[in-house]
Undergrad: 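Before we start, here is the structure in question, set down as structure tokens.
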Amino acid sequence: MLFGDSFRKLPKVDLHVHLEGTITPEMAKKIASRNNVIPSPQLMDSSGEHFRWSSDGDARHNLIAFLKAYDDATSVMKRREDYSDITYDYLHRAAQEGCVYVEFFISADHGAMVGLDYKEMIGAIADGYEKAKKESGIEMRLISTCVRHYGPEAALKVADVTRGYHHPLVTGFGMAGDENAHTIADFRPAFMASGLAGRTAHAGEASGPETVRQARDILQVRRFGHMVRAIEDVKLMEEQKSILAVPEVCVSSNIALKVYPDYKSHPLRRFFDYGLKVVLGSDDPSFFNTSIGREYKIAHDHFGFTETELLQLSRNAVEEAFVGEAVRGQLLDKIAAHKH
Ligand code: ADE
Ligand code: ZN
């Protein structure tokens, strides 16, 4: 059994986390108050300690309701320092749990909701990162992300601003949002326009195996946000294994959004045993009452991952991270140096 300090020290990687999904209810209240904003009354439960969204209905409706709450939480932010503060806050907390590398999904559309243009938003996030990195050494890169239910035109604009302002911390392009809005093919122009080598798309979360196939073939991604529903299609599993597909698995998110009812039915262990290059993510930790440390702990406690297997998940993540070779090497060294 792994616990306490030895578990904390195990090097962890969060390869799937949405920046605005890390705003804690406490932080949302603090930011709202300094900005003279009243958060949406539906956003928190009566204790004010938890975000909430209507959770009856199927996975698709849950996701849609959650995405509305996500936008409501974002809208308490109004200034550059709000983005710096939430970035620092998450990286600081993640580093305390032994996390060595985080890749955030960031969204120019959400920055615009706050009143920041893309360049200002990146500058603010970079400031939060520099502060956290000085303290703990944690590394971070950013995936500029379009939001599927905002539509293909908005996605193309995100790709254009990404291409128009090159920043060394922005190393990937991604797609999140409602997997059932529009078609995957509608977003091909955006993926082709971003000019970034790193690519990932949410697929196989609130929609079935076919979106995974389409994301792979039309958007040319090899990393997939979730991909869990690929388990329903034996042939797809074989294909995904043969291309060394990387499922970014977020167990607490899948349970909170009712993609699976419980740990027993979740395919994390089956993916790993089948030989897929699994990595872990916290997705929207403040909404799903989790953290990257907790996701590793769940893998250990409920899916039987040994310390060696958890280290393999971290190694997978570093190997597949959208990061330059020098930092990748340093991160692999940190994992190799971990004493059992
Ligand atoms: N945006 C933030 N979290 C998301 C999720 N779990 N799925 C799709 N889009 C998202
Ligand atoms: Zn996600």
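Just so you know, ligand 1 is whichever comes first in the structure, and atom 1 is the first atom listed for that ligand.
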Undergrad: Answer yes or no for Leu67: is there a heavy-atom contact with ligand 1 below 4.0 Å?
TA: yes
Undergrad: Restricting to N, O or S, what is the name of the atom of Asp283 that lies nearest the Zn ion (ligand 2)?
TA: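 Restricting Asp283 to its N, O and S atoms, the minimum distance to the Zn ion (ligand 2) goes to OD1.
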Undergrad: At a non-hydrogen distance cut-off of under 4.0 Å, which region of His226 contacts ligand 1 (side chain, backbone, both, or neither)?
TA: side chain
Undergrad: For atom 5 (C) of ligand 1, what's the nearest protein heavy-atom neighbour? Residue, atom name and distance, please.
TA: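 Result: Glu205 OE2, 3.7 Å.
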Undergrad: With a cut-off of under 6.0 Å to the ring centre and 45° to the axis, is Lys264 in cation-pi contact with Phe303?
TA: no
Undergrad: How does Leu63 reach ligand 1, by side chain, by backbone, by both or by neither, if only non-hydrogen atoms under 4.0 Å count?
TA: side chain
Undergrad: Does the ring of Phe322 carry Arg223 above it, NZ/CZ under 6.0 angstrom from centre and within 45° of its axis?
TA: yes
Undergrad: Applying the 4.5 Å side-chain criterion to the ILVMFWY set and letting contacts propagate, would Leu244 and Leu313 be lumped into a single cluster?
TA: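 No.
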Undergrad: Which residue and atom name correspond to the protein heavy atom nearest atom 6 (N) of ligand 1, and how close is it?
TA: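 For this ligand atom, the closest protein heavy atom is Asp283 OD2, 2.8 Å.
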Undergrad: Could a heavy atom of Phe66 be found less than 4.0 Å from some atom of ligand 1?
TA: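 Distance cut 4.0 Å: Phe66 passes for ligand 1.
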Undergrad: Measure up the Phe288 and Phe66 rings against each other and bin them: parallel (under 30°), tilted (30 to 60°), perpendicular (over 60°).
TA: tilted
Undergrad: Does the cation-pi check pass for Arg269 over Phe305, that is, NZ or CZ under 6.0 Å from the six-membered ring centre and within 45° of its axis?
TA: yes
Undergrad: Should the ring pair His92 and Tyr88 be called parallel, tilted or perpendicular, given that the plane angle runs from 0 to 90° and is split at 30 and 60?
TA: parallel
Undergrad: Within ligand 1, which atoms have a heavy atom of His18 less than 4.0 Å away?
TA: 1 (N), 2 (C), 3 (N), 4 (C), 10 (C)
Undergrad: Do Arg229 and Glu232 meet the salt-bridge criterion of a basic N to acidic O distance under 4.0 Å?
TA: yes
Undergrad: Which atom name does His18 have for its N/O/S atom nearest to the Zn ion (ligand 2)?
TA: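 It is NE2, the N, O or S atom of His18 closest to the Zn ion (ligand 2).
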Undergrad: If you stand at the Zn ion (ligand 2) and look out to NE2 of His16 and NE2 of His202, what angle do those two lines make, to 10°?
TA: 90°
Undergrad: By the definition side chain to side chain donor-acceptor pair (under 3.5 Å), identify the one residue from Arg80, Lys30, Arg34 that meets it with Asp85.
TA: Arg34
Undergrad: If you have a sec, work out which protein heavy atom is nearest atom 3 (N) of ligand 1 and how many Å separate them, to one decimal?
TA: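 The closest one turns out to be Asp284 OD2, 2.7 Å.
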Undergrad: Where is the nearest protein heavy atom to atom 9 (N) of ligand 1: which residue, which atom, and how far?
TA: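 Here the nearest protein heavy atom works out to Gly177 N, 2.8 Å.
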